[in-house]
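The block underneath contains the structure these notes are about, expressed in structure tokens.
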Number of protein chains: 2
Amino acid sequence: MATIYDVAKAAGVSPKTVSRVMNGDAPVNQATREAVERAMATLNYVPSSAARTMRSQRSGLIGMITGAISTTHQFEDAGLPEIYLVQGAQRVIDQSNRTLLIADSGGQAERIPTLLQTFREHRVEGILYVAEYHREVTLPDSLRDLPIVLVNCFDADGTPCILPDDEGGQFALVDGLIRRGHQRIAYLTLPEHQAACSLRVAGYRRAHAHHGIAVDERLVQVGALPSPTHEYDLLWDALDRVLKAEPTVICCANDKMAMRVYGLLRDRGVAIPQQMSVAGYDDYRMIAEHLHPGLTSAELPYAAMGARAADKLLRLINGTPKSGEPSRELVSAPVAWRDSVLTRDGNVTQLNSRRRET
Amino acid sequence: MATIYDVAKAAGVSPKTVSRVMNGDAPVNQATREAVERAMATLNYVPSSAARTMRSQRSGLIGMITGAISTTHQFEDAGLPEIYLVQGAQRVIDQSNRTLLIADSGGQAERIPTLLQTFREHRVEGILYVAEYHREVTLPDSLRDLPIVLVNCFDADGTPCILPDDEGGQFALVDGLIRRGHQRIAYLTLPEHQAACSLRVAGYRRAHAHHGIAVDERLVQVGALPSPTHEYDLLWDALDRVLKAEPTVICCANDKMAMRVYGLLRDRGVAIPQQMSVAGYDDYRMIAEHLHPGLTSAELPYAAMGARAADKLLRLINGTPKSGEPSRELVSAPVAWRDSVLTRDGNVTQLNSRRRET
DNA sequence: CGATGTCATGACATCGGTGTCATGAATGAA
DNA sequence: TTCATTCATGACACCGATGTCATGACATCG
């Protein structure tokens with residue numbers, strides 16, 4: 001592998017001049033520059049980031065730690081759309097001429113110290129700490145000395161974080177339902193004590209308040225997803241209870257639940273959306289676009305969150321936070337309206353024309 | 001940040017001895033070792049991988065390039081389960097005391113040269129080149145000089161690769177259907193010219209041949225998924241044609257299509273699985289486990305492929321390929337049998353008991 | 001015309017580890 | 001006892017960049 005010395009010799013200049021050509025940190029004669037560039041091309045020269053890091057004490061690496069805090073999800077694949085987070089963050093980080101180093105703990109919390117050790121050895125300049133679902137976390141003390149941004153999670157110490165606007169998203173969805181003529185809107189929540197769940201329910205309630213509609217509490221029920229501990233029946237029962245309150249639309253805590261509700265409703269001979277509209281949350285396109293009819297869902301904006309988090313972290317590293325920048329930032333996203341929701345126009349009901357949001 | 005010199009001074013030894021304690025490459029007196037370890041702990045010493053890389057000419061980095069070859073998938077999120085690939089590969093790579101460097105092109109092929117340049121600057125020891133779906137690729141010449149393993153793709157030059165056993169998986173699924181009493185098995189393929197599609201159809205045919213059943217060609221139809229170019233109707237029509245041939249089960253080219261088929265069948269008042277069994281392919285658990293009833297599907301073993309690929313790459317790097325190791329390796333996986341498939345016992349039909357495969 | 005400044009370049013040290021070789025002490029074999 | 005090994009350790013150079021400082025050639029200014 002060619003070094004800067006080889007290039008210097010081939011171009012008949014000193015290594016330092018080659019360095020100057022690469023970094024543009026001092027004027028270089030045009031002819032010299034061209035000679036150096038030719039030599040670099042001929043020798044297929046690629047500078048060594050190790051050497052550069054050593055001398056400059058800047059690694060140009062950002063560490064991302066994902067699946068970090070799982071309580072052994074043997075069943076859940078909640079973290080799956082994290083790939084979008086990675087893409088969002090990577091775009092921003094590449095622009096700052098840095099490289100993203102990703103460590104996935106695969107849900108094994110005990111591996112985290114090892115991964116952090118690796119990050120430290122590589123002298124990462126900052127860390128993005130990603131949770132698989134919106135929740136509170138407690139950071140290990142060993143992280144205190146590095147610039148860090150939490151993504152999809154927050155802690156009690158006010159560490160900078162980027163969160164999805166679950167309350168606002170659910171508000172927008174339910175607001176849209178009401179504007180489309182729905183008055184009796186059911187909500188199936190999850191039993192878990194997740195931040196996302198309670199925020200979404202809060203958004204549901206605020207939308208009702210906003211339109212001056214009282215919430216019939218029979219319309220709000222706790223469902224569940226299949227898991228080793230609770231059986232399907234929980235959702236079946238919740239659906240049963242909620243149907244007694246005669247809703248025209250059922251909002252589900254997430255897309256997975258909505259997918260099950262499709263099946264359960266149809267088992268009862270209820271046509272979607274003619275007899276019952278359904279909405280989800282997350283807008284996992286793999287689900288929402290491919291269900292029939294297409295599922296209306298509030299987007300969980302992973303890509304945007306990744307980008308925002310990277311942006312915030314870079315400012316932390318550079319010591320240039322915007323003045324008055326809050327430590328906690330919410331990321332909103334539009335609702336994707338699809339055919340699972342019927343517009344109720346007075347007594348007449350009509351199908352939405354099929355549309356996609358970009 | 002403490003260096004090896006600081007540790008050496010604190011422990012009253014030479015830097016080289018500290019190095020020996022860390023690497024265990026030469027005997028060190030027990031008392032000395034403990035003194036050094038105390039000093040490292042006190043100073044919070046973390047060795048610099050940059051310095052180590054520079055001296056030893058081994059970076060300990062493996063590059064993975066994903067979403068590498070997309071033809072701008074504005075619509076597809078095919079690459080989503082790649083996260084499993086990452087986890088599989090990372091597990092193996094960590095064990096070899098190396099670190100995985102991931103670059104995601106986000107489907108923008110023009111970004112690949114930049115990403116490769118970054119890999120080179122970091123002196124990665126080898127590359128995992130991941131395609132989002134099983135296909136043939138052509139490698140840029142600039143990759144020729146690095147150990148490389150293709151994942152989920154192959155090229156014309158016989159570059160080492162890891163592929164899913166689509167033919168075998170579909171064979172196992174259809175074989176299982178026949179053993180469960182099905183004789184008229186429909187197959188909905190995709191119009192795309194993907195390696196996966198034709199292999200799966202081949203497996204379908206081989207299973208029939210294996211049991212001496214002739215394939216009624218009306219049972220094999222080309223469907224499609226929603227996209228900007230073809231409308232839903234394509235799948236509707238295909239389903240229409242296939243139903244005329246009176247199947248007892250419909251196999252779909254993948255889980256997304258199966259999800260749509262659930263909706264389309266139910267629109268026609270066909271109960272799943274009582275009146276029609278359905279099977280998918282990929283076993284995206286986000287879909288297969290949460291559909292109601294649970295979707296029977298052949299697993300696309302991403303995690304295992306990631307692990308196998310990493311393993312193969314490490315052997316390439318170490319120059320210790322197993323003797324007679326084929327350059328192309330297929331990874332098989334079991335079929336996940338769920339409630340969407342009815343067992344037809346003579347004239348009597350029965351539901352599978354609900355079960356999960358681990 | 002001499003002083004000063006800018007341009008273009010090179011010599012040299014340095015970042016933090018590890019490979020090589022040397023050295024002295026202890027141990028075992030002849 | 002003496003020579004050969006093994007053990008335990010240190011001195012020193014080196015990996016490949018870049019920061020600092022020095023230098024010579026011109027250009028500019030008063």
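The chains referred to below are lettered A, B, ... by the order of the sequence lines, with proteins before strands, and numbering in each begins at 1. Only this structure's heavy atoms are used, side chains among them; waters, hydrogens and symmetry mates stay out.
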- Judged by nearest nucleotide, the residue sitting upstream toward the 5' end of DNA chain C, A:Gly12 or B:Val46, is A:Gly12
- Note on the structure: Taking a pair to mean Watson-Crick or G-U wobble geometry with both distances below 3.5 Å, D:dA17 pairs with C:dT14
- Any ion pair linking A:Asp155 and A:Arg135 (charged N to carboxylate O, less than 4.0 Å)? no
- Query: Taking only N and O in the side chain of B:Gln57, is any of them less than 4.0 Å away from OP1 or OP2 of C:dG19?
  - Reply: no
- Note on the structure: Atom CZ of B:Arg58 and atom P of C:dT18 are separated, to the nearest Å, by 12 Å
- Between D:dC15 atom C1' and B:Arg123 atom CZ, what is the distance in whole Å? 11 Å
- Message: With side-chain contact (heavy atoms from CB on, under 4.5 Å) as the test, pick out the partner of A:Tyr45 among A:Asp6, A:Val36, A:Ile4.
- Response: A:Ile4
- So what does B:Thr32 hit on the nucleic acid, given a heavy-atom distance under 4.0 Å: a base, only sugar-phosphate, or nothing? sugar-phosphate
- Message: Under a 3.5 Å threshold, yes or no: a donor from one side chain and an acceptor from the other, between A:His122 and A:Ser59?
- Response: no
- Separation of atom CE in B:Met54 from atom C1' in C:dG19, rounded to whole Å: 14 Å
- Message: Can you pull out the residues from residues 14-29 of chain A that lie within a 4.0 Å heavy-atom distance of DNA chain C?
- Response: A:Ser14, A:Lys16, A:Thr17, A:Arg20, A:Pro27, A:Val28, A:Asn29
- Message: Salt bridge check, A:Asp104 against B:Arg91: does any charged N sit closer than 4.0 Å to a carboxylate O?
- Response: no
- Query: For C:dA25, what is the paired nucleotide under Watson-Crick or G-U wobble rules, both distances under 3.5 Å?
  - Reply: D:dT6
- Note on the structure: On DNA chain D, more 5' by nearest nucleotide between A:Ala51 and B:Tyr5 is B:Tyr5
- Reckon B:Ser56 touches a base, only the sugar-phosphate, or nothing at all at heavy-atom distances under 4.0 Å? nothing
- Value in whole Å for how far the C1' atom of C:dT9 lies from CZ of A:Arg33: 13 Å
- Message: Given 3.5 Å as the limit, does a donor-acceptor pair link the side chain of A:Ser56 with the main chain of A:Arg52, or not?
- Response: yes
- Query: Do B:Arg52 and C:dT18 share a donor-acceptor pair, side chain to base, under 3.5 Å?
  - Reply: no
- Rounding to a whole Å, what distance do you find between A:Arg55:CZ and C:dG17:P? 15 Å
- Message: Between P on D:dC15 and CG on A:Asp6, what's the gap in Å once rounded to a whole number?
- Response: 11 Å
- Message: Main chain of A:Ala31, side chain of A:Asn29: is a donor-acceptor contact present, judged purely on distance under 3.5 Å?
- Response: yes
- Donor-acceptor pair between A:Ser96 and A:Arg98 side chains, under 3.5 angstrom: yes
- Of all the choices, C:dG17, C:dG16, D:dT18, which nucleotide is nearest to the side chain of B:Ile4 once you look at every atom? C:dG17
- Message: What is the distance, to the nearest angstrom, from the CZ atom on A:Arg120 to the P atom on C:dG16?
- Response: 16 Å
